[in-house]
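Everything below concerns the one structure shown next.
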There are 2 protein chains.
Amino acid sequence: MHADTNDARRQPSWECVDLAAEVLSLLSDPTRIRIVLALHHDEELPVNALAELVGKKPSGVSQHLARLRMARMVTTRQEGTSVLYRLTDEHAVALVVEAIRQAEHAVANGQIPPHHHTPRS
Amino acid sequence: MHADTNDARRQPSWECVDLAAEVLSLLSDPTRIRIVLALHHDEELPVNALAELVGKKPSGVSQHLARLRMARMVTTRQEGTSVLYRLTDEHAVALVVEAIRQAEHAVANGQIPPHHHTPRS
DNA sequence: TTAGTATCTGCGTATGCATGCAGATACTAA
DNA sequence: TTAGTATCTGCATGCATACGCAGATACTAA
């Protein structure tokens, strides 16, 4: 494969950093996180069911799914009028689970923003 | 015990999803990713050095560092006039590395648009 | 004084959400 | 069979908000 910039162990190329930022940005939305978690549980779901699960309008959920689809995080399968969405792999879930772990860790340590400076009178 | 929203679903509580979204949002910026990677490589760095490494103004880097500090992802140590920044743990790096892996995976599988607007093929 | 860092403000851009609408498909009645 | 209707999905628009960046300012330590 294209192993020209295979420096995942060292400092990854800055171009790859932008890609990673895009990936993290995709998963930085609560609605999309819920979509990923819902698909992790139910394997295959149409837009309507996902919209109800995450508590958003179907049209909005469709937009979110379009993004996840563009990033190859979900795949689709047509079934009548419905389009069943499914996770492409476990990478997205792994990322979300890691983020949740980090969030719980931060909460456990007390997430009070420590001001390094004298705040303000 | 207090019955959370974890009634029938084994998924993380929805409140935690918002926290995870904030964590991922923190890491969804290329500059902050570079900061995390730089600190992973050099262990301890002042604002000026980080600013030069990531190619941004020190004031902007300081703002990014303030965010990472609020999220307990970095800790500070004063040394003279400089403030040395250091990663709190490896969680942030793990998240970034996972994202980079996912990005490379997506690239290997096809195309991931740097910007989410496809030019009407 | 100088050097280093932190915070504030304005500007431009990006994002999420709700609304509305259009195309596609399934179903029912005659 | 055809005609009509309902449902589902996807796309475009407008609005409000958040974000990143650059510049200027304030504060601290040597």
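Naming convention: chains lettered A, B, ... in sequence-line order (proteins, then strands); numbering from 1 in each chain. Small disclaimer: the values here were computed from a predicted structure and weren't measured.
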- Message: Over all strands shown, is A:Ser59 touching base, sugar-phosphate only, or nothing at heavy-atom distances under 4.0 angstrom?
- Response: base
- Query: Do the side chain of A:Glu52 and the main chain of A:Val54 share a donor and acceptor less than 3.5 angstrom apart?
  - Reply: no
- Message: Tell me the interatomic distance from B:Asp29, atom CG, to C:dT15, atom C1', rounded to whole angstroms.
- Response: 14 Å
- Keeping the roles fixed (side chain from A:Asp89, backbone from A:His91), state whether a donor-acceptor pair exists under 3.5 Å. yes
- Measure across B:Ile100 and A:Cys16 and return the closest heavy-atom pair with its distance rounded to 0.1 Å. CG2-SG, 3.7 Å
- Message: It should be established whether B:Lys56 places a side-chain nitrogen or oxygen under 4.0 Å from OP1 or OP2 of nucleotide D:dC21.
- Response: yes
- Query: Is there a donor-acceptor pair closer than 3.5 Å between any side-chain N or O of A:Thr76 and the backbone N or O of A:Val83?
  - Reply: no
- Take the protein atom NZ of A:Lys57 and the nucleotide atom P of D:dG10, then report the distance between them rounded to whole Å. 18 Å
- Where each residue is assigned the nucleotide of DNA chain D containing its nearest heavy atom, which of B:Arg67 and A:Ser62 is assigned the position nearer the 5′ end? A:Ser62
- Task: Kindly say if B:His64 contacts the phosphate of D:dC21, meaning a side-chain N or O under 4.0 Å from OP1 or OP2.
- Result: yes
- B:Ser28 side chain to A:Ser25 backbone, donor-acceptor under 3.5 Å: no
- Rounded to whole Å, the CG-C1' distance (A:Leu27 to C:dT15) equals 16 Å
- Which part of the nucleic acid, if any, lies within reach of A:Pro46 when heavy atoms closer than 4.0 Å are counted: base, sugar-phosphate only, or nothing? sugar-phosphate
- Query: Is the backbone N or O of B:Leu65 less than 3.5 Å from a side-chain atom of B:Gln63, with the two atoms forming a donor-acceptor pair by type?
  - Reply: no
- Rounded to the Å, how far apart are B:Gln63 CD and D:dA24 C1'? 12 Å
- Nearest-Å distance, CD (A:Glu52) to P (D:dT7)? 14 Å
- Between which residue ranges does DNA chain D form stems of three or more consecutive Watson-Crick or G-U wobble pairs, both distances under 3.5 Å? C:1-30 with D:1-30
- Task: Hey, which sits more toward the 5' end of DNA chain C by its nearest nucleotide, B:Ala49 or A:Ser25?
- Result: B:Ala49
- Is the backbone of B:Leu26 close enough, under 3.5 Å, to the side chain of B:Arg32 for a donor and an acceptor to pair up by distance? yes
- Check the side chains of A:Arg77 and A:Tyr85 for a donor-acceptor pair under 3.5 angstrom, ignoring hydrogens and angles. no
- Would you kindly give the CG-to-P distance between B:Leu50 and C:dG4, to the nearest whole Å? 14 Å
- Message: Please report the distance, rounded to the nearest Å, between CE in B:Met70 and P in C:dA6.
- Response: 11 Å
- Within residues 75-85 of chain A, those residues having any heavy atom closer than 4.0 Å to DNA chain D are A:Thr81, A:Ser82, A:Val83, A:Tyr85
- Item | Rounded distance (Å) that lies between atom C1' of C:dT2 and atom CG of B:Asn48 | 13 Å
- Task: Salt-bridge test for B:Arg34 and A:Asp18: reply yes if a basic N is under 4.0 Å from a carboxylate O, no otherwise.
- Result: yes
